[in-house]
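Have a look at this one.
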Amino acid sequence: MKRYFKYIQISLALIMLGSCSDDYLAINDDPNNPTDVAPDLILPVAQKYSVSYNLADRYTNTLGNLFMVNWSQSDEYSWYYDEFNYSVSAAFYGRIWNATYANTLKQYEVLCDLYVEDENSIYDNYIGIAEIMQAYHFQTLVDTYGDIPYSEALERGNNPTPAYDDAQTIYDDLIVKIDNAIALIKATDSDDEVPGDDDIIFGGDMTSWIQFANTVKLRILIRQSDVTSKQADITSGIADIMSEGSGFISADVVANPGYENDENKQSPFYADYGLSVAGEDTNNMLATCASDYIIGYLEDTNDSRIDYLYSVPSTGTHLGVPQGLLDYPTGLYVSDQVSLLGPSLVSSPEQDAPVMLLAESYFLQAEAIQRNFMTGDAQAMYEAGISASFDYLGATGASTYYAQGIANVSWAATPDTDKIEAIITQKWLALNGTNAHESWIEYNRTGFPSGIPVPLNNTNADRPVRLSYPTSEITGNAGNLPDQPDEFTEYIFWHN
Amino acid sequence: MRTKFSGFLTLLLVLIVQLGFAQEKTITGTVLDGDGLPLPGATVQIKGKSIGTQTDFDGKYEITASTGEVLVFTYVGFKTQEITVSNQTTIDVTLSLDAQTLDEVVVVGFGIKKERRELIYNTETVDSEVMNMVQPTTASSGLVGKVAGLQINIQNNGVKPSTQVILRGLTSISASNEAAVVIDGSLTNQNAFDALNPNDIESINVLKGASAAVLYGSSAGNGVLVVTTKKGNKNKKFTVGLNSVATFEEVSYMPEFQTEYGSGWQGDYNPIENTNWGPRFDGTMRQIGPTFSDGSYQSVKYAPIANNLRDFYNTGETYQNTVYFSGGDETSSFYASIGKQSTTGTVPKDTFEKTMFRVNASKTIGNLTLNLNTNYYRDETSVVGSTIGSQDRPLYWFILNTPANIPLSRYSDWRNDFYSSPNGYYNGYYQNPYWALDTNRNNDWTDRFTANLSGSWDPYKWLNVVVRLGLNKVQGHGKEWRAEQTYSTDDMIAFASRPDAVSSFVVDNSSQALTYTADLLATGTFDLNDDFNLKTIVGTTQNTYHYHYNAIQANNLSIPGFYDVSNGTGTPDVVVDEAHTRRYAFLSDITLGYKKWLYANVSARYDYTSTLSKGDNNYLYPGGGISFVLTDAVESLKSDILSFAKLSVNNSTVYNDLSAYRINETYSSSSGFPFGDLAGFALSSQTIDENIKKEKLNTSEITLDLSLFKNRLNVTASAYKIITTDLITAITPSYASGATSYLTNIGELENNGLELSLNGTVLKTQDFSWNLNLNITHQETVVNEISDGVTETAVSTNGSVGVYAVEGEAFPQIKGISYERDDQGRIVIDADTGRPIIGDLKNLGKTTPDYTVGLVSVMKYKGFTLSATLDYRTGHVYYSQLADRMEFTGRSMASVSANRQDFVLPNSVINTGTSDNPVYVENTNIAVTGGLQSYWTDHYNLITENYVFDATAVKLRELALNYSFSPKLLDGTFINKLSLGLVARNLLTWLPKENRFSDPEFNNSNSNAIGIGGYSQSPPTRTFGVNLNVEF
């Protein structure tokens, strides 16, 4: 009997012999998706994310425009209820957190990971760009959420539950991060790869990157201007920028990989608020219109930007809609009767996607000078900011506009004690439609512009000052998640 | 006529049977059972010949035989008896019951046949008659309610319904929990099972747990359905049969709709509204739709129209015809069939057709038997697309967005009738669903070929060697398209609003999957001495899988109505997805028997897989157990009450591996790229544990089998525990880690269950019998642990409601946005608005039933058979997207529950303290604001807890009345068997009062995200029809 077993075993072994080698099982490489990709294929995706997850529907820009009363809702649409009601639960706009970390920052981190301590990489330009852009996004996250994962973030499988860092500590490190990036870029030599068309923001112009880095750094510093303990740091930080010597951005910073009128290839703001690829109106476009407040404000200040920010309805007269209206008067606020988003915001599927407007840089400098962190002519910077905004939108008559004797329009007509209000108010107008989230953050810092209303049927005294941590953190990081702060009273640390 | 036919038959017999038999004579007799009752339908055959007959209703038979020939009497469940013909002309026979079904041989893993008495685990066999009670279109729907521990979810009721087959609940969070299917010994899958013609199935043996299926390796963790197809019998005369079924399907119930309010918004009438937030119905004539430039408009009475949405649906028709042939001689047998099903759906224009061919043949040459089983299947499906309109919605959405006062079925002629046309349709926001039927289509073709060739060789009495090659090839091709639709309001002077323009696309896809299996198995049976018997099985198996899928999507087509990818503009989207895996294993199964009452079994499998990393890709898993037949060990236990008792216990370990290419992180071309020559790749959003390894399932089971009251009642009771550890799970990490999903090994699931199955003969008289099968299942899977710092992970979520695995809770768990409540469960409201404060995501209940009860009843009276299957599931919840949507459209009962006025929310409190130190005071006077509408559409609607309902259901799944003509009556005709029947499925459904929406069994996906359904399916249906079976 034993003999037979042996035969069976031998024959089994013979049959399987050809199969037992390691090669037979070595068929587990994905034929459809690569595992190694060069930096020039990573960078454009990251940069596209940078603008998409601000400008696309219901990310930061949408939120800012609604909170800052730039936009409202046409009749026949039930579109922005949560925003008007300030329903800032964990489910509210969690996509800002989710997309910024899991798309934008992740993709830049692939480039940051090319950096190896004490090793000379040929990708220092790429690493530098990625660090600068990460600093830019991390600041927005801190400004929106306060304490967030930072030092342990973006390690993916190596740390699926990163700890939260103190917001102020992150801010301090962002300055270091930017300084390191500038140093890395400046230390590059001819062996280093220089990005070309794959850098869809500056086309590989590294001086522009340093200027942008300086401007982001200025924004981080100025945001802390009410923090008593930071006064010296701000002064020295700005002095560092000046001594670095490259200066600030000299043009609107925009991204464009080659947007075109094709599915998934339209410029992100146009894709969600403009016409479809087939050239048809979209719901979003018809549902989103000017608020009555912003129309009133622009008309009262004779601001020619009104026709560029908002389209003139079929009636020939601008009409905005109060936010939070429940019972629309019949026919009054239907979409062809109201001011929808204007021709300069929604111009073409190929339009550039703004990263940071030149106007913002001027207003930051104006504030730095006004607060004595920097020397210079605050009024000139202020007026340059307004002019840059008019230029960006294609409007004319900036100098006529700011010559009017209206406070917060004209520098001179604004009392000395209220200059900051004028700067922030003009920044609010300049960032309308493109980077309005920043104006909400500045509102939380300064309380300006003053007088903007809370939506109808909303019982809150003022708008939220931060967002709740998203449901993804409740699910995925419960052990580290801090208590949900009160969204209306617990300010971010830089608020005085 | 009769004599003529007889003569004809005789002639035939003479031709078939050898000529020249001497001393032929007619033998008559009666076949009785042990109680002296006649056995109708027992088979009487002459041994070694293809001559046979059946007993009539009185158990009587008549056969012509010669002296010296042997008559063989057989009847299912009874011992076969053989009697040699001598000089008698009357042979009465009493058949005794088989020593219970325990001597019955069942087919377990790899075509291995085992006696029930030696099985160490619980299996249950369903024969074709019970499965085909109401002539289902797929075998899986014929199993519902019939096996303890088997849960089959019919996930939708389309023309090609998808089913989910789960044995013993869920054991894995991310991996598939669906049972494997083995057809004629070859491992296949659910789709291959659904491609079988139910008429071709001889029996299905359900191997419930991993222990029963350990030899199948990782595929076995979820249990196995072992399907045996009809083979034809040796020595059976040639039979031709026809089975025809015609069934009709109609919507059985719609959601409960309010009928007090119609078209409008915020209480005002609006003629173009999709919602029912208008004023109260007043019966006056009112305008619907826009006013056109010639001043024309439509008017309808402002009153609810009964069944206005239900009338959209048709009565579907299904015709199934199968022609089958079978027969055999001394060394061979065959079975062949051709089946065809043609179906039209309840959704107009939905059609489904399938054609099935099967040829099974077997030939014995000496000690070698060859078997060939082949099946070819083809289907064609045409259904309405699921991405209708600019918002990519399913059809039901458009039907639901039709106010109560709209005569929907009036708008069917959308091409010719102006008010039904895109520009003339009343609804300013959503399109005419009849338009959708013609402008959004999804067409699919599937070809499937399975072949299975095996050789069984018995070189020695103690040795059997089986070689089996299996092939399963599937080819699919699909085309989905949507027509462009633009609108103009130029012709309108009032209420000029139209839906968003719809863009066109066509997607052309094709897929191929090939599975190739090879098994070699040697079985040695040794009687070691009088008491000990050893059965050893050693073998090897190999499985290779190739998959290729490609799809091209072209958008914004140039030529209207021409649906080819060449017609697109811009860059088409192209996807290619491939997979290739290999697995092989060595296996062994050893059973040591003692005196036919004690069996010890040890089985082991050693696996090699291509899908895990090199160091971790080969592993052993063992199983073992004992079967103990008490009544044979201690004969004195046997009595009139207890005739058989068996206890078995087992424990086994099975590992799950990964699917292909899951051990490395990859990049993929990012959406929109390339822009011109600028390419871009994004790192995947899923990160993968670099130490990812196999998932472990450990199963322990104890089973008691009893036969009581002289085998009138058979009881099987099982208890089991399955512990799954190192669960391969895509957990939700912090998104701040830079990933949205983290594939890793986590935690522990514990699945406990009890199964009780009672099979009994309630009544039996000469003409009447009543058999009942009652099966009761209790099952719960609990998450013992997720991982460090993580206490829950989402299987599927949209942020406000989803299916989760939550530590310490039953799995799968629905979590949704909840009310904030005080410690007494009262709802906390906002003192300013009177509206509930929106709480966090809360656990809202498990989505698989705690208890499942199935009842199968078969009553026979003479030629009549009345059979029914009842199914009860309870202890689970589901989230109804339908109810959620009906809130927005103002068609729900909730939306009229407060008369559309502000109201004080009952049982509510306000917090007069702080958020850290709350003080709750009963609210008696703060009314909900926006009770007219906005409270419901904008606030109540956000609290998804409102749409999680008790999923309890009682269904009369099957009801059939069949009449078989007596063989006596057919005697002398060329017809051997004739039966006619009435069949019905889902005739009645009882749901709890809170669920007045849809079938809680419907589900959006075939994944573990069980419990989320609604408008992606059509309303539930019932079917009824007629059945004819005739054999020649």
Side-chain angles (χ1 to χ4, degrees), chain A residues 8 12 15-16 19 24-25 27-28 30-35 37 41 44-45 76 78 81 89-91 94 97-98 101-102 105-107 109-110 149 153-157 159-162 197-198 257-258 262-265 276-278 280 282-283 326-327 459 471-473 475-479, chain B residues 266 486 497 500-501 503 520 522 538 540 555-556 570-571 576-578 580 582 584 608 610-611 617 660-661 663-664 666-668 670-672 675-676 678-683 685 687-689 732-740 742 789-792 794 799-800 832-833 838 841 930 934 938:
Chain A
I8 293 163
L12 280 179
I15 285 165
M16 298 308 295
S19 329
Y24 182 74
L25 297 177
I27 52 163
N28 207 26
D30 191 335
N32 309 114
N33 298 290
T35 49
V37 173
L41 297 172
V45 176
E76 298 175 334
S78 179
Y81 176 81
S89 67
W97 174 289
N98 296 344
Y101 271 117
L105 288 169
K106 166 203 76 180
Q107 188 75 2
E109 188 72 6
V110 175
L154 305 175
E155 294 177 18
R156 295 184 38 110
N159 190 350
T161 55
D197 290 343
D198 54 309
D262 195 357
E263 299 296 334
N264 303 319
K265 290 179 193 284
S276 72
V277 172
E280 304 293 337
T282 59
N283 268 319
L326 287 181
D327 200 0
T459 53
T471 49
S472 62
E473 281 297 283
T475 300
N477 203 9
Chain B
Q266 288 288 343
T486 58
S497 177
D500 250 8
S503 64
L520 172 66
V538 288
T540 177
N555 299 309
N556 300 309
T571 317
V576 176
D577 187 21
E578 296 162 273
H580 184 193
R582 285 176 178 153
Y584 63 88
Y608 294 81
S610 67
T611 63
N617 68 351
Y661 319 134
I663 61 171
N664 294 313
T666 56
Y667 295 80
S668 57
S670 184
S671 173
F675 288 90
L678 179 67
F681 281 75
L683 177 59
S685 57
T687 182
I688 295 169
D689 188 338
T732 316
S734 165
Y735 283 27
S737 71
T740 59
Y742 175 39
V790 180
T791 55
E792 63 179 45
S800 59
D832 292 322
T833 61
I838 292 173
L841 288 182
S934 70
D938 299 334

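All chains are named by letter (A, B, ...) in the order of the sequence lines, taking the proteins before the strands, and each is independently numbered beginning at 1. The shown structure was predicted, so the numbers you read here are calculated from the model rather than taken from an experiment.
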Just by modelled atom types, is the A/Leu25 backbone N or O under 3.5 Å from a matching donor or acceptor in the B/Arg582 side chain? no

B/Tyr661 and A/Ile27 have their tightest heavy-atom pair at CE2-O, 3.5 Å

So which of A/Ala153, A/Ser276, A/Pro162 has the biggest tally of heavy-atom pairs under 4.5 Å with chain B? A/Pro162

Between B/Gly570, B/Gly672, B/Ser503, which residue shows the highest count of heavy-atom pairs closer than 4.5 Å to chain A? B/Gly672

Side chains of A/Asn98 and B/Thr740: does their closest heavy-atom pair fall under 4.5 Å? no

Winner by heavy-atom pair count (cut-off under 4.5 Å) against chain B, out of A/Ser78, A/Pro257, A/Gly479: A/Pro257

Supply the atom-to-atom distance A/Asn283 CG to B/Asp500 CG, rounded to the nearest 0.5 angstrom. 3.5 Å

Of the backbone (N, CA, C, O) and the side chain (C-beta and beyond), which part of B/Asp577 lies under 4.5 Å from a heavy atom of chain A, both, or neither? both

Okay, A/Asp30 and chain B: the region with an atom under 4.5 Å from a heavy atom over there is both

What part of A/Leu326 lies closer than 4.5 angstrom to a heavy atom of chain B: side chain, backbone, both or neither? both

Side chain, backbone, both or neither of B/Ser497 within contact of chain A (heavy atoms, under 4.5 Å): side chain

B/Ser734 versus A/Glu473, closest heavy-atom pair with distance: OG-OE2, 2.5 Å

Under a 4.5 Å heavy-atom cut-off, does chain B meet the side chain of A/Asp262, its backbone, both or neither? side chain

From the list A/Asn477, A/Asn28, A/Asn264, the residue making the most non-hydrogen contacts under 4.5 Å with chain B is A/Asn28

Contact class of B/Asp938 relative to chain A, heavy atoms under 4.5 angstrom: both

Let's test your reading of the structure: which of B/Asp689, B/Ile688, B/Thr571 forms the most heavy-atom pairs below 4.5 Å with chain A? B/Thr571

Heavy-atom donor-acceptor pair, A/Asn32 side chain to B/Glu578 backbone, under 3.5 Å: yes

If I measure from the heavy atoms of chain B, does A/Glu109 come under 4.5 Å with its side chain, its backbone, both, or neither? neither

Mind ranking A/Leu154, A/Thr35, A/Thr459 by heavy-atom pairs under 4.5 Å with chain B and telling me who comes out on top? A/Leu154

Should we say atom CG of A/Asn33 is surrounded by more than 12 heavy atoms from elsewhere, each under 6.0 Å from it? yes

Those residues at least two apart in sequence (or on a different chain) that pass side-chain hydrogen bond (donor to acceptor under 3.5 Å, both in side chains) with A/Gln107 are none

Taken to the nearest 0.5 Å, the spacing of B/Ser670 OG from A/Leu41 CG works out to 11.0 Å

Minimal heavy-atom distance between A/Ala278 and B/Asn556, with the atoms involved, is CB-OD1, 3.6 Å

Residue part contacting chain A, namely of B/Tyr667, when any heavy atom lies under 4.5 Å: both

A/Thr471 to B/Gly799 - nearest heavy-atom pair and separation: CG2-O, 3.8 Å

Atom group of A/Ala90 that falls short of 4.5 Å from chain B, counting heavy atoms: neither

Side chain, backbone, both or neither: which part of B/Leu841 has a non-hydrogen atom closer than 4.5 Å to chain A? side chain

For each of B/Pro733, B/Ser934, B/Ala736, tally heavy-atom pairs with chain A at distances under 4.5 Å, and name the one with the top tally. B/Ala736

Would the B/Tyr608 and A/Tyr24 ring centres measure less than 6.0 Å apart? no

Assert top hit (heavy-atom pairs under 4.5 Å, partner chain A, pool B/Asn664, B/Ile663, B/Val576) equals B/Val576

Which atom of B/Thr791 lies closest to which atom of A/Ala478, heavy atoms considered: OG1-CB, 4.4 Å

Below 4.5 Å, heavy-atom pairs only: which of B/Ser800, B/Ala660, B/Ala682 has the largest tally toward chain A? B/Ala682

